Protein chains: 2
Amino acid sequence: MAARSSDGDTRREWVPAVLAARDDTTCRVREVLDRVGEKWAVTVIAELGRKPRRYNELRRAIPGVSQRMLTATLRGLERDGLVRRTVHPVVPPRVDYELTPLGGTLLNTVSALLDWAVEHIDDVDGARAEYDGRQEVAAPG
Amino acid sequence: MAARSSDGDTRREWVPAVLAARDDTTCRVREVLDRVGEKWAVTVIAELGRKPRRYNELRRAIPGVSQRMLTATLRGLERDGLVRRTVHPVVPPRVDYELTPLGGTLLNTVSALLDWAVEHIDDVDGARAEYDGRQEVAAPG
DNA sequence: CCGTATCCGAGCAGATACTG
DNA sequence: CAGTATCTGCTCGGATACGG
């Protein structure tokens, strides 16, 4: 799904044909990017990747998430077929969440991005420090 | 950077240790996710991956982007060391943008995510249709 | 040509209170 | 336990106008 670069640029191997073509597919791809960019989506997927959880287990496992956002995130992921929600008709209520196979493949893919982040955090932080330093010199006081 | 799952879950192979540990690294990883989630960041990186561009070339290459957002996106990417900005002191002004090697590695990684999106768009759309169908049945008229 | 400054609306996201 | 409802601030992002 990616085309080989046809010009003389040798810094990279891949050009995502996806983003080069501005057809209907492009905007759908952006939806995936948007979801990955959502604040809690990847964290929830990662937690469910560790093991299936109940609602409040998940909540405790993810410090800082509000009830509202956890529910919204879960619903979105369920709608996209990434997470399965199972309600057990007992009292007190019990609802289990687990990754679907599709959700598992997404986690595998996102993990590569996470690994990139960990590997290059120092580079990024260094670049930021340098950039910010230049800005202060350019606009002092 | 990813640890093998230690429980009986066989649906997936990987658990990102990154998100399992809630240390300082975790929140920095989120910054990368946030950037990828930004509306124009990946598109800009992809365009610059095709070849270096001048500001207005880039603008024409990315329909729908406003001057404000293009500049903001470019500045953010430059600050993170993903894009290099070169000003040529001529009249009229000329400013070139290109991917740094670091930016190139990010594009390679993001491309995998894009490929996932293309490959599974039908699955996701199908899941959505089914989910929305169930909702309508549950809450008719 | 390459931006910056300002204004504004829409949607994301938190806190809180309430329900089956 | 597992949510829903409501209110509200905040940031993202578009349009427009102006500056170097």
Side-chain angles (χ1 to χ4, degrees), chain A residues 22 26-27 30-45 47-48 52-80 83-98 131 134-135 138-139, chain B residues 27 30-45 47-48 52-80 83-98 131 134-135 138-139:
Chain A
R22 255 164 302 285
T26 309
C27 94
R30 176 163 289 160
E31 289 179 24
V32 172
L33 256 13
D34 286 346
R35 183 158 299 287
V36 169
E38 279 176 24
K39 193 166 184 182
W40 302 104
V42 170
T43 307
V44 166
I45 290 177
E47 283 298 329
L48 291 180
R53 306 288 182 93
R54 300 177 58 174
Y55 181 85
N56 273 353
E57 284 176 340
L58 217 38
R59 227 189 130 187
R60 280 188 295 270
I62 305 174
V65 72
S66 66
Q67 244 178 357
R68 173 169 151 55
M69 290 318 297
L70 180 56
T71 299
T73 302
L74 250 7
R75 287 289 182 282
L77 295 175
E78 187 196 358
R79 190 172 103 99
D80 285 357
V83 161
R84 175 201 297 263
R85 176 174 180 265
T86 308
V87 181
H88 298 93
V90 298
V91 285
R94 179 192 178 100
V95 181
D96 287 328
Y97 292 92
E98 62 185 327
Y131 182 94
R134 284 199 306 261
Q135 298 313 103
Chain B
C27 94
R30 175 163 290 156
E31 290 180 25
V32 173
L33 257 12
D34 287 345
R35 184 159 298 291
V36 170
E38 279 176 23
K39 192 167 186 179
W40 302 106
V42 170
T43 307
V44 167
I45 291 177
E47 283 299 330
L48 290 179
R53 307 287 180 93
R54 298 178 57 177
Y55 182 83
N56 274 354
E57 285 177 337
L58 217 39
R59 228 189 129 187
R60 281 188 294 270
I62 305 175
V65 72
S66 65
Q67 241 177 1
R68 172 169 151 54
M69 290 318 298
L70 180 56
T71 300
T73 301
L74 250 8
R75 287 290 181 281
L77 295 175
E78 186 196 359
R79 189 171 104 98
D80 285 356
V83 161
R84 177 200 296 263
R85 177 174 180 263
T86 309
V87 181
H88 297 95
V90 298
V91 286
R94 179 194 177 99
V95 182
D96 287 328
Y97 292 93
E98 62 184 328
Y131 183 94
R134 284 200 305 261
Q135 298 313 104

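Computed from a predicted model, the values in this text were never measured in an experiment. Residue numbers start from 1 in every chain, and the chains themselves are labelled A, B, ... in the order their sequence lines are given, proteins ahead of strands.
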| message | If I take atom CG in residue A:Asp34 and atom C1' in nucleotide C:dA13, what distance separates them, rounded to the nearest angstrom? | response | 16 Å

| query | Among C:dC2, D:dG3, D:dA2, which is the nearest nucleotide to the side chain of A:Thr71? | reply | D:dG3

| query | Between B:Arg75 and C:dG3, does any side-chain N or O lie under 4.0 Å from OP1 or OP2? | reply | yes

| request: Taking all heavy atoms of A:Arg53 and all of A:Ala61, pick out the closest pair and write down the distance. | output: NH1-CB, 3.3 Å

| said: Rounded to whole Å, how long is the line connecting atom CZ of B:Arg30 with atom P of C:dA13? | reply: 10 Å

| Heavy-atom pair with the smallest gap, counting every atom of B:Lys39 and B:Thr43 | O-OG1, 4.3 Å

| field | Candidate nucleotides C:dC2, C:dA15, D:dG13, ranked by approach to the side chain of A:Arg68 - the nearest | value | C:dA15

| request: Looking only at non-hydrogen atoms, find the nearest pair between B:Thr71 and B:Tyr55 and report the distance. | output: OG1-OH, 2.9 Å

| query | Think A:Arg85 has a side-chain N or O under 4.0 angstrom from the OP1 or OP2 of D:dG3? | reply | yes

| field | Interatomic distance, A:Asp96 CG vs D:dA2 P [rounded to whole Å] | value | 8 Å

| Rounded distance (Å) that lies between atom P of C:dC2 and atom CZ of B:Arg53 | 13 Å

| B:His88 NE2 to D:dG20 P, straight-line distance once rounded to whole Å | 23 Å

| message | Around atom CZ of B:Arg79, are there more than 12 heavy atoms from other residues, nucleotides or ligands closer than 6.0 Å? | response | yes

| query | Between atom CZ in B:Arg59 and atom P in C:dG3, what is the gap in whole Å? | reply | 11 Å

| message | What is the separation between atom CD1 on A:Ile62 and atom P on C:dG14, rounded to the nearest whole Å? | response | 12 Å

| query | Using a cut-off of less than 4.0 Å, is there contact between a side-chain N or O of B:Arg54 and OP1 or OP2 of C:dC2? | reply | yes

| Selected nucleotide, minimal atom distance to B:Tyr55 side chain, candidates C:dC1, C:dG3, C:dG14 | C:dG3

| note | Walking DNA chain C from its 5' end, the first of B:Tyr97 and A:Gln67 to be reached, judged by nearest nucleotide, is B:Tyr97

| said: Both A:Pro93 and A:Lys39 contact DNA chain C. Taking the nearest nucleotide for each, which residue is further toward the 5' end? | reply: A:Lys39

| task | Report the nucleotide, chosen from D:dG14, C:dG14, C:dG20, that has the shortest atom-to-atom distance to any side-chain atom of A:Met69. | result | C:dG14

| remark: In this structure, CG of B:Leu74 is separated from CZ of B:Arg59 (nearest 0.5 Å) by 12.0 Å

| said: Output the rounded distance in Å from CG (B:Leu70) to C1' (C:dC2). | reply: 10 Å

| field | Phosphate OP1/OP2 of D:dG3: any A:Arg94 side-chain N/O under 4.0 Å | value | no

